[in-house]
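All values derive from a computational prediction rather than experimental measurement. Only this structure's heavy atoms are used, side chains among them; waters, hydrogens and symmetry mates stay out.
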Amino acid sequence: MTSEVTGEAPGGVPRAASTQDLFARYGPSYRWLATLTVMTGTIATVLSSTIVNVALPDMMGAFGMGQDKAQLLAAGFLAAMTATMLVSAWMVDALGQRMTYVATLLAFLAGSTLGGLAPSEGVLVLARILEGGAAGMLQPLAMQVIFQVFPPDKRGAAMGIYGIGVVLAPALGPVLGGLVVDTFSWRYVFFLPLPFCVLGILLGTVFLPEREQAGPVRPFDWLGLGLLALFLLTLLDGLTHGQRDGWGSDRVVIVFAAALASAAAFLAWELHTPSPMLHLAMFANRTFAGAAIVSFIFGAGIFGSTFLIPLFVQIVQGYTPTRSGLLLMPGGLIMGIMFPLAGRLADRAPAYATTIMIGLGIFAVSSFLMASADTQTSFWQFAWWVVMGRVGLSFIMPSLSAGALRALPLHLIGQGSGTLNFTRQLGGAIGVNLLSVNLERRTQLYVDGFTSAQNAANATTTEFLKGVGELLAQSGLPAAQWQASATNHLGQVIYAQANVLGYRDSFFVVGCIFVVGLLPALLMGRRRGAR
């Protein structure tokens with residue numbers, strides 16, 4: 001690498017050719033300046049991924065969208081974000097960290113602006129796909145920057161500081177989104193991340209290096225990207241429509257077959273092509289392979305729990321969207337405090353696996369406690385369970401990233417970072433859909449079981465219908481009507497109770513997912529010496 005300064009950027013800012021130049025100019029503090037830079041961009045993208053969800057009902061009303069189109073907004077963002085995580089490493093090799101970061105934020109800014117001004121649902125879907133694609137490239141880049149500027153024994157602490165922004169954005173996003181939608185309009189939720197985009201672009205032009213690799217740019221794996229995108233779209237489409245159309249329907253069977261075929265073709269191509277998007281040889285490293293599996297399970301659990309908790313408190317306990325957002329806020333704030341501490345622990349603990357397993361165990365206990373929730377569970381009791389789970393996550397994330405990437409050679413750090421983020425996001429996409437299916441199926445199972453027990457021989461049922469009928473009769477309702485109303489009310493009570501039990505089973509499944517994560521965590525073993 002050269003230490004030559006090659007002119008000035010627009011506005012008279014000196015342009016540094018390499019990371020060495022930036023260290024020479026700013027000294028050791030450059031590490032934290034670089035971390036602040038990538039944290040700013042990450043906040044913008046993570047904030048958008050959570051804040052838009054609270055505006056979905058208003059978007060559906062504005063454009064007359066059905067549930068399938070609303071699902072496309074979420075699935076399009078998720079699929080684009082997951083696919084482009086593996087593109088980040090090639091972008092950095094081809095353009096350098098500075099250009100990749102700035103171009104990504106410009107694309108995200110364009111997508112957010114397009115979403116806020118969208119005249120139709122088609123443009124809105126396009127905007128979400130553009131946002132998701134940009135967000136997917138940015139998160140692996142942020143991890144790569146941190147691992148490049150920090151020595152091995154400081155990376156856990158750095159990931160802890162960086163994680164503050166990552167967790168505060170989704171913690172505050174639903175609350176801010178609810179306030180903005182109630183006060184102004186759903187369109188303004190797209191504009192909230194824009195100041196972070198602008199600030200990130202300015203910081204990136206100053207504190208990130210240009211392309212440092214010498215020689216020609218390696219070819220881009222277009223076929224691999226196409227096969228991966230096809231796999232994600234068909235998989236998510238099948239999971240989305242399977243419960244509604246039937247798992248054996250022609251449409252679902254065809255899209256799952258297409259998903260399986262495209263996944264097999266993607267893996268075969270990545271083994272064959274000289275310039276793969278995903279270096280499968282990384283999985284020969286036991287530590288990295290274990291971390292990737294834990295990352296997948298972690299994504300399924302964290303995204304799944306974040307999906308279940310707001311639904312439970314709104315549908316079962318009658319919370320407003322703002323109150324459900326406030327329920328999650330203490331956990332997010334605790335993570336902001338715990339992340340730096342957990343990061344330092346990741347640098348000092350004798351084994352990354354130990355810290356990760358502690359975190360997995362704590363989150364599993366939190367989920368098992370939620371499996372006892374019902375309509376009488378208080379706000380602060382549920383908030384305490386959420387806080388406990390977030391403490392567990394604080395132990396997992398810094399150690400998982402630090403342990404996995406430390407096991408790779410330096411030239412694979414970019415690909416390793418993208419792969420870890422990819423597996424986490426893929427786990428989240430699959431986990432949310434499967435938990436949604438499990439919730440619906442378990443609820444229906446309980447409804448069928450309770451309904452079959454409601455007959456004349458059931459004394460409890462008879463007393464219930466008699467009591468409700470007497471109350472309706474006292475209100476002056478004719479006998480023919482109160483009998484039907486009492487039976488209808490019994491059906492509502494049955495469904496409400498079945499719904500509670502369905503959620504409790506789903507929380508239990510989340511806990512089991514994290515228990516299963518203990519096994520691949522053992523593959524990470526004890527840390528080895530620094531490279």
Side-chain angles (χ1 to χ4, degrees), residues 1-11 13-46 84-109 133-151 154-155 158-159 161-162 165-166 196-218 220 277 401 405 408-422:
M1 293 187 294
T2 178
S3 59
E4 179 182 355
V5 176
T6 59
E8 293 186 346
V13 178
R15 175 173 295 172
S18 69
T19 305
Q20 284 185 348
D21 299 320
L22 293 166
F23 269 111
R25 179 175 300 120
Y26 299 107
S29 62
Y30 170 65
R31 296 188 176 101
W32 299 109
L33 294 173
T35 302
L36 175 64
T37 299
V38 295
M39 184 192 298
T40 303
T42 304
I43 288 174
T45 58
V46 175
T84 56
M85 283 181 170
L86 297 179
V87 179
S88 179
W90 181 87
M91 288 281 289
V92 171
D93 290 343
L95 304 176
Q97 292 178 357
R98 175 185 296 177
M99 184 62 69
T100 300
Y101 184 76
V102 171
T104 298
L105 283 181
L106 285 173
F108 188 86
L109 191 150
M137 284 192 288
L138 190 64
Q139 292 187 24
L141 171 61
M143 291 175 62
Q144 183 180 359
V145 168
I146 291 174
F147 268 71
Q148 180 174 312
V149 300
F150 280 90
K154 300 291 185 183
R155 289 170 181 167
M159 288 301 300
I161 298 296
Y162 166 75
V166 175
F196 292 99
C197 290
V198 174
L199 178 60
I201 290 170
L202 295 176
L203 292 174
T205 58
V206 177
F207 297 121
L208 293 183
E210 294 179 335
R211 183 171 185 255
E212 298 181 284
Q213 290 81 4
V217 178
R218 62 186 174 93
F220 181 68
M277 179 186 302
S401 301
L405 299 185
L408 296 177
L410 289 174
H411 70 280
L412 288 179
I413 289 294
Q415 286 236 352
S417 172
T419 302
L420 273 185
N421 282 275
F422 169 77

Peer 1: Rounded to the nearest 0.5 Å, how far does CZ of Arg98 lie from CG of Leu22?
Peer 2: 7.0 Å
Peer 1: Can you tell me how far the CG atom of Leu105 sits from the OG1 atom of Thr205, to the nearest 0.5 Å?
Peer 2: 11.0 Å
Peer 1: Does the Tyr30 side chain pair with the main chain of Phe207, one donor and one acceptor, at a distance under 3.5 Å?
Peer 2: yes
Peer 1: Give a yes or no answer on whether the side chain of Thr84 reaches the backbone of Gly133 with a donor-acceptor pair at less than 3.5 Å.
Peer 2: yes
Peer 1: Measure the spacing between OG1 of Thr104 and CD1 of Ile201 and express it to the nearest 0.5 Å.
Peer 2: 10.0 Å
Peer 1: Can you name the closest pair of heavy atoms from Arg31 and Val149 and give their distance?
Peer 2: NE-O, 2.7 Å
Peer 1: Identify the two heavy atoms, one from Leu86 and one from Phe422, that lie closest to each other, and give their separation to 0.1 Å.
Peer 2: CD2-CB, 4.0 Å
Peer 1: At what distance, to the nearest 0.5 angstrom, does CG of Leu33 lie from CZ of Phe23?
Peer 2: 10.0 Å
Peer 1: I would like to know whether Phe150 and Thr35 meet side chain to side chain contact (heavy atoms under 4.5 Å, CB included); could you show each step before the answer?
Peer 2: CA-CA 10 Å; Phe150 280 90; Thr35 302; 3.3 Å; yes
Peer 1: Work out which heavy atom in Gly200 is nearest to a heavy atom in Thr40; give both atom names and the distance.
Peer 2: N-CG2, 3.7 Å
Peer 1: Mind listing the closest non-hydrogen atom pair of Phe108 and Ala135 along with its distance?
Peer 2: CD1-N, 4.4 Å
Peer 1: Can you tell me how far the CD1 atom of Ile146 sits from the CE atom of Met39, to the nearest 0.5 Å?
Peer 2: 7.5 Å
Peer 1: So, for Met137 and Val87, which heavy atoms are closest and what is the spacing to 0.1 Å?
Peer 2: SD-CG1, 4.2 Å
Peer 1: Does the Ser88 side chain pair with the main chain of Met85, one donor and one acceptor, at a distance under 3.5 Å?
Peer 2: no
Peer 1: Taking all non-hydrogen atoms of both residues into account, name the closest pair between Val38 and Ala142 and its distance.
Peer 2: CB-CB, 3.7 Å
